[in-house]
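I have placed the structure first, in the form of structure tokens, so that the comments after it can refer back to it.
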Amino acid sequence: MAQFDTPDQLSLPDLEEDVLDWWNSHDIFERSIEEREGQPTYTFYEGPPTANGKPGIHHVLARAIKDIFCRYKTMQGYQVARKAGWDTHGLPVEIEVEEELGLETRAEVEEYGIEKYNAACRESVLEYKDLWDRLTQRMGYWVDLDDPYVTFETDYIETVWWLLKQIEAEDLLYKGHKIQWYSPGSHTVLSSHEVSLGYEETQDPSVYIRFPVAGEDDTYFLAWTTTPWTLISNTALAVGPDLTYVKIHHDDPHQGAETLILAEALLDDVIDEDYTVEETFTGEELIGQRYEPVYDYFTDRATPGEEAWYVLGADVVSTEEGTGVVHMAPAFGEEDYGVAQDEGLPLFNPIDKDGEFTDEAPLVEGMWFKDADKVITDDLKGRGRLYKHETYLHNYPHDWRKGTPLMSYPVESWFIETTKLKDRMVELNDTINWQPEAIGEGRFGEWLENNVDWALSRRRYWGTPLPVWESDKEDSDYYEVIGSVEELREKCGDQLPEDDDEIDLHRPFVDELTWEGPDGGTMRRVPDLIDVWFDSGAMPYAQWHYPFENEEEFEANFPADFIAEGVDQTRGWFYSLHAIATLVFDDVAYENVVVNGLVLDEDGNKMSKSKGNTVEPFRVIDDYGADVVRWFMMSNAPPWESIRFSERGLRDLRRTFFGTLENVYRFFATYANIDGFRYQKDRMPVEERPELDQWIISRLHTTTQTVEEALEDYDPTTAARAVEAFVEELSNWHLRRSRSRFWASKKGEQDGQPGQGGTVAAAKKEAAYQTVYECLEATAKLMSPIAPFFGEWLYRTLTEVTEGETESVHLASFPDVREAERDEALERRMGLARTIASSTLSLRNQAEINVRQPLPRILVVTGTGVPEADVEQVRDVILDEVNVKDIEYVEHTSEVVSRSAKPDFSRLGPRLGDLVKDVNQKVRSLDDDVIDEYVETGTLTLTVDGEEVELGPDDLIIQSEGIEGWLVEQEGDVTVALDTEITPELRAEGLAREVVKRIQNLRKDAGFAVTDRIEVAYDGTDRIAEAVAAHGDWIRNETLALELQPSNAPTGDAVDTFEIRDERLTIGVRRVAADETVRR
RNA sequence: GGGGCUGUAGCUCAGGUUGGUUAGAGCGCACGCCUGAUAAGCGUGAGGUCGGUGGUUCAAUUCCACCCAGCCCCA
């Protein structure tokens, strides 16, 4: 006969390896998709990782989230295909390769050869793919690793090109300038990633400069800057239109009397001398005023339509620091540039690619730009233009490799005019379900609101080339965007290999492709690559090589139902997916998105290699099991918050949740095997089962509903915690209270008296087995999305015996919520029972009477939340749990109950206002008599502060505090007193229990099996002897003793003597026969 | 420098959206129970100026402002 497996303490890592092998050999993952053929599709997009570094513990978090919802939706009946993907382009790869090859500058790379360089990148990018695959499999993340999309593949690039062509067709592609951080030290533009690597605390000059107001003597705009070297390129001053400005008069120690204009709010910060305010106006009024430039090198350069050296209004101006008058040098600042674009200001750039001043600026010609600060400052000082000179400590970006300061610099770039579709992007974003919501509205929403055009160009080597060819004819701005390989063949087929498979669309090969343009020039590719984020944002289409192939797959899988990535992807993948989908398809790319936070170390610090606090994912999985790690990450905190990763947490979780569940199963299996339970009988109607069973079944359905709702809401934390709570209730209340049932009927059979009692016992036992079985199987399903291995093990271990619906839990369907089997009132009653039991146990503790000693009764005060009828229904459970014979009820309003009253503030507060405080005082000191009267009549009049206050029913909250003359425990609404009087009968019963305990211990010490029959001989003091005589049948029954005989000198396989309270007992036990009713 | 998230018991977190006078859970700890779930199980208990200050209010952990700390994103 099939038996439930009863392993020793489980090793979760070993168990998981076994499950993995079984999954592989039975193609469970493949089948979980195939068997859902024809069912509705649930689409998940894998955000591609870059496999040029080793995976870390945070990847386990991200991948667990992805896995959970895909498994869950599969169990809900959807077909969930999951294609893996690799992000292969981009700067991190290049940096890695440059380090390997020892290349530092662009010149060195180009000398090394782009072809060889890119070959090295291609090699490097999948260096750790095997490691990633291994982690993916080991942690139980089901994704199709055999057929991933790879962003460097020709098909993928072709789709990217096609997308750009569509964008071009809508006239959204254009060439412009973008201010970027340029490193004169290594002659290259740096990506934002590189820039952020190089921020350093820097001391810079902080200078206040006088700009003479045109047409007014000794009157100046006072502007502030920390980059004096940009003053040569000044073209305008900016003020905040809504800010308040003042014109002040003061005596400058060096200049004498003069008039300055600056923001009122900053007056005292800036002006050191006494001054008088002469005039006050808004920034608006200053706009348009002209001033004299501090350097005249460009005065003849301003072309018509490009006015310069006047005051303009800009919202970016603040009164946080400086003077409220901002010096604008559009060549050297992103904000300045933006304003200059709007205003049509000219752009003066006297600095060359090496970061040195050209002959356009004679004062500092040939000088390194930062070195010019001092010279310019001195020069201005000498000319009386410098009001004040201080130093300023701030973060300024530097070249992360060379340490030299960066400068903003306008660089030619290709853009997508995303701003044109901003409103649509915002609108579509409102339809996306963000988890947590705040990121969708906040970080992402705001980012969309402040959308700027997408600068596509990257001056790098390893990436998708921008498919734009420009005519090299002078003054021609003709260009073509290539959207497919076929199109490329039409243009220059002769330069391409005949076989499509041999085409490489990377640099340097595409750079060499040229053709004649319609204007007679030669069409040459622009040297740019495109931003790698465009690559990844193209994955919904490019993973299928759409529209060149797989049209159906694409359409069935767009948009995604669900994606999940880290919060750092807000401006990365979340944006690029959204932008491309909006641009090309006027749709969202994903409908639900779960954002995961960071994984911090135990102390809440960021994990980093340099701190040495990183956690090796393989090690913790090998030590604790992937399920424990996954469960911890979901249950400990919502995954979108930063999670503190602690091994202690893993250990606790292993022991508490998984250990408890494991024990519940083991307990169940042990007895089910003895009784040959295999769930072969019909399912017993729940209403025919004992109330305890009805209760846990109801809890199961409530839990199932909670889990289902939580997972539908993409909230794995609530789901995990609900399962944890359920397992606790199953073990600590249902199973514990059911223990006797699991062997009760055994004794019936042994007595050879099936009769009425035996049948009832058997039915109760069957109910217990069915109930626990159902709870365990459902728990296996409920937990399996988060803990796929343990869920699988539990499910299979159970269903191998009972022949369940499917071979694997991951092929099964999620449990149903059976409303008919839910009973909220019962759940509430059982909660009440647990509270009463807990209070009673507390009282026993205080009275120092152990639970083996029966006590006559408890008194329960009935009242709000404690109706007698409810308690009566759970009476047996309470009595058994606390070993008390009876429950008596004391009316809430009875005279023996002492009470206290407090105001119901939510009622009285609004009505009485200030008086409520004094009323409170009075009410709390009310005598019992007065409270009694109030309880009776429902009214009370108090005199407070000379005022009469009428209190009506419900204005006061009455609580029972105690019962006169009793030791009382109070917990919420529940008030319990314990009668500790021990009658001789009760004492005898208590002693009989003690005897049973000793016999059981002896049996165990003697090494008998639990089902062995024994003979017992005993010798005890009078009270013991009386107790044994009175409860002989019961003792024999409990201990499976065929004989229970007094003896002067007990003998047997084991003999021992005990002191019990003031009594003495000697027992001998002898094994008579192994239990023959047990078939093995 | 800007924006965001977080701050509740020794630890990990609920609660708080709707302000109500006794703020909860689990783990850990202490004490005890159980000994037919035993390398298990159970109970009881101690433990908190709800990050700080100020404000609104009869009443603030909850609402508002500012500040502090940690982290993230951006510059």
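Residue numbers start from 1 in every chain, and the chains themselves are labelled A, B, ... in the order their sequence lines are given, proteins ahead of strands.
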Could you measure between the two [atom1] atoms, the one in [N] and the one in [M], and give it in whole Å?
| N | M | atom1 | value |
| --- | --- | --- | --- |
| B/A9 | B/G52 | P | 11 Å |
| B/U62 | B/G51 | C1' | 15 Å |
| B/C29 | B/G2 | P | 46 Å |

When all nucleic acid strands are considered with a 4.0 Å heavy-atom cut-off, which category describes [X]: base, sugar-phosphate, or nothing?
| X | answer |
| --- | --- |
| A/D904 | nothing |
| A/G649 | nothing |
| A/N663 | base |
| A/Q1000 | base |
| A/R1003 | base |
| A/T570 | nothing |

Identify all pairs in which a protein N or O lies below 3.5 Å from an N or O of nucleotides 28-30 of chain B, and state each distance.
unit_1 : atom_1 : unit_2 : atom_2 : d
B/G28  : OP1    : A/R655 : NH2    : 2.3

If I take atom [atom1] in residue [X] and atom [atom2] in nucleotide [N], what distance separates them, rounded to the nearest angstrom?
| X | N | atom1 | atom2 | value |
| --- | --- | --- | --- | --- |
| A/N732 | B/G26 | CG | C1' | 13 Å |
| A/R844 | B/G43 | CZ | P | 15 Å |
| A/E662 | B/A37 | CD | C1' | 11 Å |
| A/D675 | B/G36 | CG | P | 18 Å |
| A/F667 | B/C42 | CZ | P | 13 Å |
| A/N596 | B/C72 | CG | P | 15 Å |
| A/D1012 | B/G36 | CG | P | 14 Å |

Between [N] and [X], is there an OP1 or OP2 to side-chain N/O distance shorter than 4.0 Å?
| X | N | answer |
| --- | --- | --- |
| A/N850 | B/G43 | no |
| A/R644 | B/U12 | yes |
| A/N845 | B/G43 | no |

Listed in order of residue number, which residues of residues 716-730 of chain A have a non-hydrogen atom at under 4.0 Å from RNA chain B?
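Per residue number, the list reads A/R721.
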
Stepwise side-chain contact (heavy atoms from CB on, under 4.5 Å) test for A/H734 and A/L692:
CA-CA 6 Å; A/H734 180 267; A/L692 191 65; 3.7 Å; yes

Report yes or no: is there a donor-acceptor pair, N or O only, under 3.5 Å between the side chain of A/S731 and the base of B/A37?
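Pair found.
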
Where RNA chain B forms stems, i.e. three or more consecutive Watson-Crick or G-U pairs with both distances under 3.5 Å:
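For RNA chain B the paired stretches long enough to count as stems (3 pairs minimum) are B:1-7 with B:68-74, B:10-13 with B:24-27, B:29-33 with B:41-45, B:51-55 with B:63-67.
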
Classify the side-chain pair A/W181/A/S408 by whether it contains a donor and acceptor separated by less than 3.5 Å.
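No, no side-chain donor-acceptor contact under 3.5 Å.
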
Regarding A/R721 and A/T718, do their side chains bring together a donor and an acceptor under 3.5 Å, going by distance alone?
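Per modelled atom types, A/R721 and A/T718 side chains form no pair under 3.5 Å.
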
Should the pair A/R998 and A/F1058 be classed as cation-pi, given the thresholds of under 6.0 Å to the six-membered ring centre and 45° from the axis?
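Yes, a cation-pi geometry holds between A/R998 and A/F1058.
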
Compare the minimum distances between each of B/G41, B/U38, B/U12 and the side chain of A/K1004, then state the nucleotide with the smallest one.
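The answer is B/U38.
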
Where the side chain of A/R736 is defined as all heavy atoms beyond and including C-beta, which of B/A37, B/U35, B/G3 is the nearest nucleotide?
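Among B/A37, B/U35, B/G3, the one nearest the side chain of A/R736 is B/A37.
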
Passing candidate, ring pair (Phe, Tyr, Trp, His ring centres under 6.0 Å) with A/F574, options A/W434, A/F444, A/W533, A/W447
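The ring pair (Phe, Tyr, Trp, His ring centres under 6.0 Å) with A/F574 is passed solely by A/W434 among A/W434, A/F444, A/W533, A/W447.
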
Set out, in order, the CA-CA distance, both residues' side-chain angles and the distance that settles salt bridge (charged side-chain N to carboxylate O under 4.0 Å, His left out) for A/D1053 and A/R1071, then state yes or no.
CA-CA 7 Å; A/D1053 299 328; A/R1071 173 158 54 185; 5.3 Å; no

